[in-house]
Novice: 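Supplied in structure tokens, the structure appears directly below.
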Amino acid sequence: MPSSRPLARALAIAAVLWVVVQGGSSAALQNSLVTVTGVVALARKGTTPLDASAVAVWLKPVGAPPAGRAPAVGAGGRFKIVQHHKRFDPHILVVPVGAFVEFPNLDPFFHNVFSLFDGKRFDLRLYEAGTSRGVTLNSPGPCYVFCNIHPDMSAVILVVDSPHYGTSNASGEVSVPNVPPGRYLVSIWHERYTPESPTEFPKTITVSQASASLGTIRLVDSGRMPAEHKDKFGHDYAPPPKSPLYP
């Protein structure tokens, strides 16, 4: 019977070569990724400096199909909005389609998180201090979140159909990391501001090592104020009962 040693040796060499090639390909891909940057400028009457944070920017490859069936739970990553001092923190959160968002209750009383957003209606029902519940968001668009007990609590989760997104800081600086070179549709969103030229977005850009800047994104005050909302039953909020559970 012929010896199996030559075959085993050949297989071992092939395995080593495969690892080397794969490692080289991964390194080449990593080196080719680009960080796309831009600056948001807000225009409004007055001289008071404006907080330019929480402007969402996302890039979708040109020709990419629309978001289809939702990925598995948590396939878009796991995120968190904390309930503390009768507030949602952060107030604005950007996540990809398929993300699982958790709402831990850090207050010493009950909360009831819900959303009437058409793309993803949910009701996490009443749950106590120290516990947490969550939901998978499988439709792109803004998801407006409230508490059924405390009418002043609100948050917005922007669900985007792309893994390439970023949000601006207070100075208006925004970066979208790890973008492969190519052509993309750039979209932007903010709770109160709209593009200075509404027809400009979404716009097509080409991303490369030599071209990775969005330039200045100019937004103007849309005049929108957060809309008054009803409770999850469509009724006006009733005054909370006088109880330590409902401060």
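Because only heavy atoms are used, hydrogens play no part in the values below, and waters and symmetry mates are left out as well, while side chains stay in. In this text the structure is predicted, and so the values were computed from the model without any measurement.
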Novice: Above 12 or not: heavy atoms from other molecules or residues under 6.0 Å from CZ of R218?
Specialist: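 No, because the 6.0 Å sphere around CZ of R218 holds 12 heavy atoms or fewer from other groups.
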Novice: Side-chain contact test, heavy atoms from C-beta onward, threshold under 4.5 Å: evaluate it for I149 versus L126 and give yes or no.
Specialist: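 Sidechains of L126 and I149: in contact.
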Novice: How far apart are the closest heavy atoms of S154 and H91, and which atoms are they?
Specialist: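 Looks like O-ND1, 2.9 Å.
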Novice: Calculate, to the nearest 0.5 Å, the distance between atoms SG and NZ belonging to C147 and K232 respectively.
Specialist: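 So the SG of C147 and the NZ of K232 are separated by 9.5 Å.
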Novice: Do V57 and F201 have side chains that approach each other closer than 4.5 Å (heavy atoms only, starting at C-beta)?
Specialist: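 The answer is no, as the side chains (C-beta and beyond) never meet within the 4.5 Å cut-off.
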Novice: Looking at P198 and E196, what are the two nearest heavy atoms and their distance?
Specialist: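 Heavy atoms only, the tightest pair is CD-O, 3.5 Å.
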Novice: Can you check whether T199's main-chain N or O pairs, donor with acceptor, with S197's side chain at less than 3.5 Å?
Specialist: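 No, because the side chain of S197 does not come within donor-acceptor range (under 3.5 Å) of the backbone of T199.
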Novice: Which heavy-atom pair separates V176 from G166 by the least distance, and what is that distance?
Specialist: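 In this case the closest contact between V176 and G166 is CG2-N, 3.9 Å.
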Novice: Surrounding NZ of K80 (heavy atoms of other residues, nucleotides or ligands, distance under 6.0 Å), is the total greater than 12?
Specialist: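 For K80, atom NZ is not crowded (no more than 12 foreign heavy atoms under 6.0 Å).
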Novice: Mind listing the closest non-hydrogen atom pair of T204 and V62 along with its distance?
Specialist: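 What the structure gives for the nearest pair is CG2-CG2, 4.0 Å.
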Novice: If I take atom NZ from residue K120 and atom OG from residue S139, how far apart are they, to the nearest 0.5 angstrom?
Specialist: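 Rounded to the nearest 0.5 Å, the NZ-OG separation comes to 7.5 Å.
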Novice: Under a 4.0 Å threshold between the charged nitrogen and the carboxylate oxygen, would D161 count as salt-bridged to K60?
Specialist: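 So K60 pairs with D161 through a salt bridge.
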Novice: Check whether any side-chain heavy atom of V101 lies under 4.5 Å from a side-chain heavy atom of F122, and answer yes or no.
Specialist: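 Answer no - side chains too far apart.
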Novice: Would you mind telling me which of V207, L33, T35 makes a side-chain contact (heavy atoms from CB on, under 4.5 Å) with V179?
Specialist: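 So, applying the side-chain contact (heavy atoms from CB on, under 4.5 Å) to V179 and each of V207, L33, T35, only V207 qualifies.
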Novice: How about Y193 and V40: do any of their side-chain heavy atoms sit closer than 4.5 Å?
Specialist: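 Side-chain contact under 4.5 Å: no.
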Novice: Determine the minimum heavy-atom distance between T37 and S175, stating which atoms define it.
Specialist: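 For T37 and S175, the tightest heavy-atom pair comes out as CG2-CB, 4.1 Å.
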Novice: Between the side chain of Q209 and the main-chain N/O of S32, is any donor-acceptor distance below 3.5 Å?
Specialist: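 Pair found, side chain donor or acceptor close to backbone of S32.
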Novice: Please name the pair of heavy atoms, one in P181 and one in S208, separated by the smallest distance, quoted to 0.1 Å.
Specialist: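 Heavy-atom minimum between the residues: CB-CA, 4.3 Å.
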Novice: For the pair N169 (side chain) and S53 (backbone), establish whether a donor and an acceptor sit closer than 3.5 Å, ignoring hydrogens and angles.
Specialist: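 Judged by distance alone, no pair lies under 3.5 Å.
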Novice: Return the OG to CD1 distance between S168 and I217, rounded to the nearest 0.5 Å.
Specialist: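 Result: 8.5 Å between the selected atoms.
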Novice: Do the side chains of V39 and V220 join up, straight or via other hydrophobic residues, at under 4.5 Å, putting them in one cluster?
Specialist: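 Hydrophobic grouping puts V39 apart from V220.
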Novice: Could you go step by step and tell me if N112 and D123 meet the side-chain contact (heavy atoms from CB on, under 4.5 Å) rule?
Specialist: CA-CA 7 Å; N112 182 170; D123 178 8; 2.9 Å; yes
Novice: Report yes if some heavy atom in the side chain of L59 is under 4.5 Å from a heavy atom in the side chain of I205; otherwise report no.
Specialist: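 They are in contact (side-chain heavy atoms under 4.5 Å apart), so the answer is yes.
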Novice: Does the plane of the ring in H164 sit parallel, tilted or perpendicular to the ring in Y184? Use 30° and 60° as the thresholds.
Specialist: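 Ring orientation of H164 relative to Y184: perpendicular.
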Novice: Let me know which of Y237, F114, F110, F109 forms a ring pair (Phe, Tyr, Trp, His ring centres under 6.0 Å) with H150.
Specialist: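 So the option named by the test is F109.
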Novice: Is there side-chain contact between I188 and L219, with at least one heavy-atom pair below 4.5 Å?
Specialist: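 Side chain of I188 against side chain of L219, heavy atoms only: contact under 4.5 Å found.
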Novice: Indicate, with yes or no, if V145 and V82 share a hydrophobic cluster defined by side-chain heavy-atom contacts under 4.5 Å among Ile, Leu, Val, Met, Phe, Trp and Tyr.
Specialist: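 Each belongs to a different hydrophobic cluster.
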Novice: Roughly how far, to the nearest 0.5 Å, is the NE2 atom of H190 from the OG1 atom of T167?
Specialist: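 Reported to 0.5 Å precision, the distance equals 10.0 Å.
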Novice: Just by distance, with hydrogens left out, do N138 and T136 show a side-chain donor and acceptor under 3.5 Å apart?
Specialist: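 Side chains of N138 and T136: no pair found under 3.5 Å.
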Novice: Does one hydrophobic cluster hold both Y127 and V135, with members joined at side-chain heavy-atom distances below 4.5 Å?
Specialist: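 Same cluster: Y127 reaches V135 through Ile, Leu, Val, Met, Phe, Trp or Tyr contacts under 4.5 Å.
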Novice: Measuring from Q83:CD to R133:CZ, what's the distance to the nearest 0.5 Å?
Specialist: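 It is 10.5 Å, given to the nearest 0.5 Å.
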Novice: Quick one: do L158 and F79 end up in the same hydrophobic cluster if we chain Ile, Leu, Val, Met, Phe, Trp and Tyr together by side-chain heavy atoms under 4.5 Å apart?
Specialist: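 They do share one cluster, since a chain of ILVMFWY contacts under 4.5 Å joins L158 to F79.
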Novice: Are any of the side-chain heavy atoms of F88 and V113 separated by less than 4.5 Å?
Specialist: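 With C-beta onward as the side chain, the pair touches.
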Novice: Would a 4.5 Å heavy-atom cut-off, applied to side chains only, mark K203 and L185 as touching?
Specialist: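 Of all side-chain heavy-atom pairs linking L185 with K203, none is under 4.5 Å.
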Novice: Find the distance between CZ (R87) and CG (L106) and round it off to the nearest 0.5 Å.
Specialist: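 Separation between the atoms: 13.5 Å.
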